[in-house]
Each structure stands twice: as structure tokens, then as C-alpha cells.
Chemist: 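For reference, the structure I am asking about is given below.
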2 protein chains.
Amino acid sequence: MAKRRVSLKDLAAELNISISTVSRALKNHPEISPELTRKVQELARARNYTPNPLAMGLLRQETRMIGVIVPDLVTHFFSSVISGIEYVAKENGYYILISSSSESYEKEVESVKNLLNTRVEGLIVCLSQETRTFDHFDVLINNEIPLVFFDRVCRTDEVPSVVADNAEAARQVTRHFYENGCRRIAYINGPEQLSISKLRYEGYLQGLHDCRLPFDEELVARCNLSPEDASVATRKLLCLKNHPDAIFGINDTVIFAAMREIKQFGLNIPNDIALVGFTGEFHSTVVDPSLTAVTHPTFEMGQEAARLFFERIQHPTAPPQQIEMKTSLVIRNSSKKE
Amino acid sequence: MAKRRVSLKDLAAELNISISTVSRALKNHPEISPELTRKVQELARARNYTPNPLAMGLLRQETRMIGVIVPDLVTHFFSSVISGIEYVAKENGYYILISSSSESYEKEVESVKNLLNTRVEGLIVCLSQETRTFDHFDVLINNEIPLVFFDRVCRTDEVPSVVADNAEAARQVTRHFYENGCRRIAYINGPEQLSISKLRYEGYLQGLHDCRLPFDEELVARCNLSPEDASVATRKLLCLKNHPDAIFGINDTVIFAAMREIKQFGLNIPNDIALVGFTGEFHSTVVDPSLTAVTHPTFEMGQEAARLFFERIQHPTAPPQQIEMKTSLVIRNSSKKE
DNA sequence: TGATACTTCGCAAAGCTTTGCACGACCAAA
DNA sequence: TTTGGTCGTGCAAAGCTTTGCGAAGTATCA
């Protein structure tokens with residue numbers, strides 16, 4: 001057990017004055033005489049006094065903590081967003097409590113409950129891929145507890161959120177493929193309930209339409225976001241009697257898995273199959289061929305999410321904003337046919 | 001401002017009984033009659049009562065929070081270790097407060113101070129690469145506040161720690177190079193003050209000695225752990241009149257930067273230069289050629305660190321353990337000369 | 001009926017901080 | 001001498017929970 005830290009009471013006892021006087025002296029209250037103020041502040045420094053946040057929290061009903069729930073901590077996208085959240089939180093004197101849902105609905109529900117019990121002042125959440133119902137956020141919404149979603153969102157009419165320009169980005173990717181001579185453009189999608197899946201899929205469709213390419217159902221594969229499942233989905237595409245000449249993957253996990261699969265299949269990237277991913281990873285540049293990718297401003301997404309959160313703290317009932325972050329298509333070698 | 005949550009006082013008022021009775025009823029105290037107990041518990045459930053951790057913290061002098069300080073959140077190694085810490089923390093009903101030092105000594109000192117002021121029960125730390133002095137941990141040690149280091153450690157005679165078998169792993173890498181025909185084996189080291197730099201360097205030297213290879217000072221480059229600096233270090237090696245035929249990089253950031261640099265230089269991996277990294281990344285398999293690497297059990301390192309932490313909570317003055325985790329050299333294509 | 005023994009509960013303190021209000025002391029004016 | 005004011009400080013409550021101890025009430029026994 002760590003020793004008790006010094007409290008106002010300790011200082012008061014040592015100086016033979018009351019606790020309230022110490023408290024006031026420390027914040028330079030004008031009603032306390034200058035010498036006493038000086039004496040108190042000196043002692044406080046010497047004893048290394050800092051106010052107890054638990055007591056303050058109890059008094060002010062605030063904990064200066066933000067709960068953050070992400071599907072996992074390890075994926076570059078999430079750790080980078082968290083980094084952005086942490087940055088803004090720190091600026092505001094807040095800490096973040098991180099909980100990983102492991103892409104599990106149940107754990108997500110559990111995390112919401114536990115974090116609220118810990119009295120965080122609100123939550124910043126990216127939904128798990130299993131999550132199809134959203135009642136576990138009712139408590140937050142009904143009680144006006146700040147809540148912000150990012151990337152994988154829901155209930156955007158009630159909850160502020162930060163997302164990428166998913167549809168537009170996917171549309172551009174499709175057109176980029178077309179301009180590079182691809183005609184059978186495949187798309188590996190994520191779970192249908194995820195907002196990013198829907199929107200990127202829509203963008204893909206729009207892109208096809210822009211280029212007057214026919215929609216071919218067999219060119220759309222679906223997977224959960226694990227590397228294994230992505231590999232399966234890729235193989236399915238590769239085994240078509242007429243395999244695609246381009247594959248667009250919903251995120252980096254998927255596209256890296258696809259890349260490996262295609263190589264093992266003995267096909268050339270980009271000549272046999274062009275490849276574009278949706279990612280923010282620096283690894284795009286280190287794979288071979290280097291990966292053309294829609295690049296997220298991940299750190300900035302985290303910052304925006306945190307800003308939205310603090311706005312929410314200020315104005316809990318303001319109409320929810322949705323911030324759409326501009327992505328950019330960084331063209332590298334995986335999509336340039338010779 | 002979020003509404004106040006229900007407290008014992010609210011429940012007591014609603015039932016017209018005293019707070020203490022409610023408190024006891026909720027924990028099935030035998031002195032409370034069965035019916036009253038039932039009634040109280042029902043109401044508590046209905047009103048969604050959970051004890052206020054601030055009040056409990058104040059009372060018991062515990063916050064059930066662990067401060068975690070890492071150089072950054074984004075690198076796979078750290079996010080994966082954090083993941084392991086979080087896992088064990090959750091098992092024990094603890095949360096982690098994460099603070100990033102951004103590889104800065106000052107921010108590390110700041111983080112230690114701030115986290116302690118937040119009344120975390122202790123700290124799990126990986127030193128920043130700038131850190132050369134360690135007085136900022138005195139407060140913890142003198143006050144018996146639990147502290148655990150991982151990976152980049154110091155004061156191991158006083159503080160428990162979790163590290164990889166750095167020297168042994170580096171030695172094996174060097175021998176592996178030798179067995180694959182490499183004779184001019186270079187090493188890109190990190191900042192000298194880091195324990196991992198020292199130990200891996202020692203292992204490298206031992207490996208050379210084992211293989212009766214001469215030590216050549218110009219084959220040792222140093223960099224801070226940024227990709228940019230790693231690139232510079234690599235170029236220096238490549239520009240030697242007699243460039244190395246193997247490069248061993250202290251971590252993944254370094255080795256991926258080196259890989260890129262070598263390719264740009266027009267040299268072939270592994271035939272011109274073999275490459276081995278020190279990493280836990282799944283990306284090793286997706287780069288081309290796939291990267292031979294010393295693989296850390298990163299998640300497990302986090303778990304061990306957390307376990308050590310909880311032991312420390314139990315026995316703050318027990319002699320500090322140092323846990324050395326076994327790494328394994330996973331041989332892929334980047335080190336196989338034809 | 002009075003005393004004893006349980007059963008069932010409430011009071012209050014501790015853990016820490018802030019802050020409105022009151023109180024004592026001292027001085028000046030009436 | 002009394003009143004009114006100013007200045008410096010302390011009291012106490014609130015925010016929430018746990019728990020030792022005391023008290024009220026009921027039942028049992030002599």
C-alpha cells in the first residue's frame with residue numbers, strides 16, 4: 001500500500017490553522033494575509049502537495065477522463081487515432097481510459113457499462129464489427145453524457161461523429177482503376193452492418209456507373225476484417241473463371257492479405273491484378289509493389305473526435321455534427337499497369 | 001453537464017431508511033432483514049445504482065488505475081504490449097491511463113508527475129530514447145509506489161522489469177548471417193543510453209566473436225529510432241567503399257527504413273545485402289522480400305509486465321524480479337542468399 | 001412485570017476539497 | 001461607551017461510501 005499523500009489537513013495541522021485557510025491561501029484568495037499565504041504556499045511546495053483529484057471529482061462531479069472504446073489497440077489505424085485523441089485530451093487536462101472490444105459486440109456492451117461505472121465524463125467509440133444494435137448507447141444519449149463516434153458510426157442524427165469521405169474515396173479508386181485500364185474491378189467488403197462497408201460499397205458502385213462498367217455480383221466479396229477471412233475472400237475472387245484485373249480492399253488488413261494471396265497464386269501485381277487499399281499505414285511504401293492507397297488522416301481524425309467530444313461537454317444538447325475528413329488517393333506502384 | 005448518478009443517499013431517501021442500511025443490504029449483510037435486503041436490491045437494480053468509484057477511492061485510498069508511459073502509441077510493438085497490459089489489467093478490475101512521451105525526456109518526466117497526481121496506483125513504463133537520468137522515478141521508489149519497466153529499462157536492481165533476451169537474440173542473428181555466407185555484417189544501433197541498444201550491440205559483438213569475424217567499426221551505424229535517421233544511417237553504410245553484405249537493424253522502424261533505402265540504391269535483398277530485423281510485426285510477411293526477424297512475444301510481454309505490477313501491489317518491497325522473454329528468430333527470405 | 005438477549009437499524013467519522021456564512025478582533029466614528 | 005465597519009480566519013456542508021458502535025424495538029425468561 002502506497003503511503004498516503006499529504007492533504008490540506010496535514011498542511012493545516014502543521015501550521016496550526018484551519019483547512020479552509022490553507023485551501024484559500026493556495027489559490028491566493030485576497031482574504032488571506034500575504035505572509036500567511038506565502039507561508040502556506042512554501043510548505044505546500046516543500047511537502048509536495050497536489051490536490052486529490054478524487055476529492056475534486058466528488059465535489060465537482062467531474063473526473064476529467066474520457067472513455068475510448070476501439071475494436072483493437074494494435075491496428076495502426078486505431079492506435080493512430082487514439083494517439084490523436086490523447087493529444088487533444090492532454091491539452092485539455094484530460095486522460096483517456098482505453099478499452100478494447102476485440103471486435104466483439106458483447107465486450108463492447110461490457111466496456112460501455114464498465115467505463116460509465118468508472119464515471120468517465122463520456123465516450124469516444126469506434127463500433128465493433130459485430131455490432132448491429134445500438135441500444136447500449138441509450139444510457140448516454142438519454143442522460144446527455146457526451147458521446148462521439150468515429151469511423152464506424154451509427155445514430156448519426158443523435159451522435160456527433162468523425163468519418164472519412166468513404167463513398168467519394170471509393171468512387172475515386174474505382175475511376176482510378178478504370179483510367180489505368182482495369183475493366184473487371186473487384187471489391188472486398190467488410191461486414192454489411194458497418195457504416196464504412198456500406199458507404200465504400202456505394203462509392204464503388206457509383207464509380208462503376210461513372211465509368212459505365214457493368215456491375216458484376218461475383219466481383220464483390222465479403223469478409224470480416226481478419227487476415228484469414230480476407231485471404232479466403234481473395235482466393236474466391238482469384239478462382240473465378242474470369243478473375244478480376246483489379247481489387248479494391250476495404251482496409252489495410254484486407255489488402256495486405258490479398259496481396260500475399262495474389263503473389264502466392266503466381267499472379268503479378270499490378271499487371272495481372274491491380275491493387276488499391278484503404279489505409280493510413282506507412283507500410284504501404286515498404287511492401288512490394290508499393291501500395292496505392294486511400295490515405296486517412298488518422299491522427300487528425302482522433303484530434304477531431306476529441307474536439308467534438310469537448311464541444312459536447314460544453315453543449316451536450318447541441319445538434320450533432322458530422323465531420324467528414326478528406327482522404328487522398330496516393331498513387332504508388334500497385335495500381336499502375338504497364 | 002451530465003446528470004448526477006443515483007447514490008446510496010437517493011435510494012435511502014426513496015425507501016425512507018438510512019444510508020448505512022442501504023449499503024449493508026446491498027452487500028447482504030446478515031444484520032439486515034431478508035425482506036428489506038430484497039427490497040433494497042430491487043430498487044438498486046431498477047435505479048441502475050453502481051457505487052461511485054471516486055468515493056470508494058477516497059475511502060480505500062485506491063483508484064484501480066495503472067499509469068502506462070510509452071514512447072509512442074502507434075508503433076506496433078508498443079500498441080501490442082499495451083494490449084497485453086490492458087488484458088491483464090481488465091482481468092483484475094483495473095484500468096490503464098496511457099500517456100505518450102513522444103520519445104521525449106521532458107514529456108516523460110511530465111507524464112510521471114501528472115499520472116502520480118492523478119493518483120494512479122503505480123506505473124508501467126518504457127523509457128523514452130532521450131532518457132539518460134532516472135531521478136524522476138525516485139518518488140516512486142522512495143514511497144514504495146509500484147513501478148515496472150519493460151523493454152527499455154533502468155535501475156533493474158530496484159525496479160522489476162520485463163525484457164527480451166536481447167543479447168542472445170542479437171548473437172543468434174549474427175551467427176545466422178554468418179551461416180548464410182555473410183562476412184561483412186553491419187549493425188544499425190539505437191541511442192547508446194538505451195538498454196536495448198547496449199545489449200543487442202553486445203550480442204552482435206559476441207556473435208562476431210563466435211564466428212571469428214573481425215570487428216569493423218565502420219559497420220556499426222547509430223541512429224535515433226526515427227525512419228528518417230535510420231535512412232541516413234543506412235545510406236552511410238551503403239556508401240562505404242566496401243558495403244556490408246548484411247544489415248541487422250535494432251528494431252522494425254529501422255529495418256523497414258533500411259529496406260526501402262537499399263531498394264532505392266538498386267541493390268538486391270538478400271543477394272547483395274541480407275537483412276534481419278528485431279520486431280513483432282505481421283508486416284514482416286507482407287514486405288518483399290519477406291523479412292527475417294527476431295520476433296518478440298509482445299502481447300505476452302505486456303501481460304508479464306502487468307502481472308509483475310500486481311505482484312508489486314501485493315508486495316511493494318519484495319526484491320525486484322527481472323523477466324527475460326524468449327524471442328525466436330523467424331527465418332524468411334530477406335536473409336537467404338542464393 | 002422487570003430484566004436480559006436478540007434483531008434491526010441509524011449515527012457519525014474518515015477520506016479530501018471548496019466555499020458561503022459567521023464569528024472574533026480591532027479600529028474609528030458618533 | 002456603543003455602533004459600524006473591515007480584516008482575517010474557522011465552521012460546516014456537500015459530494016459518496018464503509019463500518020464500529022450505540023440505540024431502539026421486540027421477544028423471552030424468570
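Proteins get letters first, then strands, A, B, ... in listed order; numbering begins at 1 in each. What you see is a predicted model; the values in this text were computed from it and never measured.
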Chemist: Please give, in whole Å, the distance from C:dT18 C1' to A:His29 NE2?
Modeler: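 That distance rounds to 11 Å.
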Chemist: So what does B:Ile32 touch, heavy atoms closer than 4.0 Å: a base, only the sugar-phosphate, or nothing?
Modeler: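 If one applies the 4.0 Å heavy-atom cut-off, B:Ile32 turns out to touch the sugar-phosphate alone, with no base involved.
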Chemist: When you get a sec, tell me which of D:dG15, C:dT19, C:dG10 is the closest nucleotide to the side chain of A:Arg60?
Modeler: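 In terms of side-chain proximity for A:Arg60, the closest of D:dG15, C:dT19, C:dG10 is C:dT19.
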Chemist: Take the protein atom CG of B:Leu11 and the nucleotide atom C1' of D:dC16, then report the distance between them rounded to whole Å.
Modeler: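 Value for this atom pair: 12 Å.
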Chemist: Just wondering, more than 12 heavy atoms not from A:Glu106 lying within 6.0 Å of its CD?
Modeler: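 At most 12 heavy atoms, drawn from other residues, nucleotides or ligands, come within 6.0 Å of this atom.
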Chemist: With sugar-phosphate meaning primed atoms plus P, OP1 and OP2, does A:Ser7 contact a base, only sugar-phosphate, or nothing at under 4.0 Å between heavy atoms?
Modeler: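 Sugar-phosphate only.
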Chemist: Rounded to whole angstroms, how far apart are OH on A:Tyr49 and P on C:dG15?
Modeler: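 One finds 15 Å between P of C:dG15 and OH of A:Tyr49, rounded.
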Chemist: Side chain of A:Ser20, heavy atoms from C-beta onward: which of D:dT18, C:dT19, C:dG15 has the nearest atom to it?
Modeler: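 For the A:Ser20 side chain, the nearest candidate turns out to be C:dT19.
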Chemist: Rounded to the nearest angstrom, tell me the gap between atom CZ in B:Arg5 and atom C1' in D:dT17.
Modeler: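 After rounding, the reported distance stands at 15 Å.
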Chemist: Quick check: on DNA chain C, is the nucleotide nearest A:Lys27 upstream (toward 5') of the one nearest B:Asn16, or the reverse? Name the residue that is more 5'.
Modeler: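 Comparing both residues, the 5'-ward one is B:Asn16.
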Chemist: State, to 0.1 Å, how close A:Tyr95 and B:Ile98 come at their nearest heavy-atom pair, and which atoms those are.
Modeler: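 So the minimum-distance heavy-atom pair works out to CD2-O, 4.3 Å.
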Chemist: Of the options D:dT18, D:dG15, C:dG15, whose atoms approach the side-chain atoms of B:Ala55 most closely?
Modeler: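 Taking heavy atoms from C-beta onward, the closest nucleotide is C:dG15.
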Chemist: Just say parallel, tilted or perpendicular for the rings of A:His296 and A:Phe77, cut-offs at 30° and 60°.
Modeler: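 Plane angle over 60°, so perpendicular.
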Chemist: Nearest-Å distance, CD (B:Gln61) to C1' (C:dA14)?
Modeler: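 That distance rounds to 10 Å.
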Chemist: Starting from P on C:dA14, measure out to CG on B:Asn52 and report it in whole angstrom.
Modeler: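 Computing the B:Asn52:CG to C:dA14:P distance gives 21 Å.
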Chemist: Rounded to whole angstroms, how far apart are CG on B:Leu15 and C1' on C:dG10?
Modeler: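 From B:Leu15 CG to C:dG10 C1': 15 Å.
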Chemist: Which nucleotide in the list D:dT17, D:dC11, C:dC11 gets nearest to the side chain of A:Arg24?
Modeler: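 Among D:dT17, D:dC11, C:dC11, the one nearest the side chain of A:Arg24 is D:dC11.
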Chemist: Measure CG/B:Leu58 against P/D:dT18 and give the value in whole Å, please.
Modeler: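 After rounding, the gap between these two atoms is 13 Å.
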Chemist: Among D:dT18, C:dT17, C:dG15, find the nucleotide with the atom closest to the side chain of B:Ile19.
Modeler: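 Nucleotide nearest to B:Ile19's side chain: D:dT18.
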Chemist: How are the rings of A:Phe149 and A:Phe137 set relative to one another: parallel (under 30°), tilted (30 to 60°) or perpendicular (over 60°)?
Modeler: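 Rings of A:Phe149 and A:Phe137: perpendicular, as their planes differ by over 60°.
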Chemist: On a plain distance test, is the side chain of B:Glu31 in donor-acceptor contact with the base of C:dC9 below 3.5 Å?
Modeler: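 Answer yes: a donor N or O sits under 3.5 Å from an acceptor.
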Chemist: When you measure from the side chain of A:Arg155 to the backbone of A:Phe134, do you find a donor-acceptor pair of N or O atoms at a distance under 3.5 Å?
Modeler: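 Side chain of A:Arg155 to backbone of A:Phe134: a pair is present.
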Chemist: Salt-bridge test for A:Arg132 and A:Glu130: reply yes if a basic N is under 4.0 Å from a carboxylate O, no otherwise.
Modeler: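 Here A:Arg132 does not pair with A:Glu130 in a salt bridge, since their nearest N and O are not under 4.0 Å apart.
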Chemist: Could you check whether A:Ser33 gets within reach of a base, just the sugar-phosphate, or nothing at all, counting any heavy atom under 4.0 Å?
Modeler: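 Sugar-phosphate contact only.
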Chemist: Please figure out whether B:Arg119 or B:Thr21 has its closest DNA chain C nucleotide nearer the 5' end.
Modeler: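 Going by which nucleotide is closer to the 5' end, it is B:Thr21.
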Chemist: Have a look at B:Leu54 and say if it touches a base, only the backbone sugar-phosphate, or nothing, with a 4.0 Å heavy-atom cut-off.
Modeler: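 Here B:Leu54 touches no strand at all.
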Chemist: Please check the phosphate of D:dG15 (OP1 and OP2 only) for any side-chain N or O of B:Lys9 closer than 4.0 Å.
Modeler: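 Answer yes for this pair, as a side-chain N or O of B:Lys9 is under 4.0 Å from OP1 or OP2.
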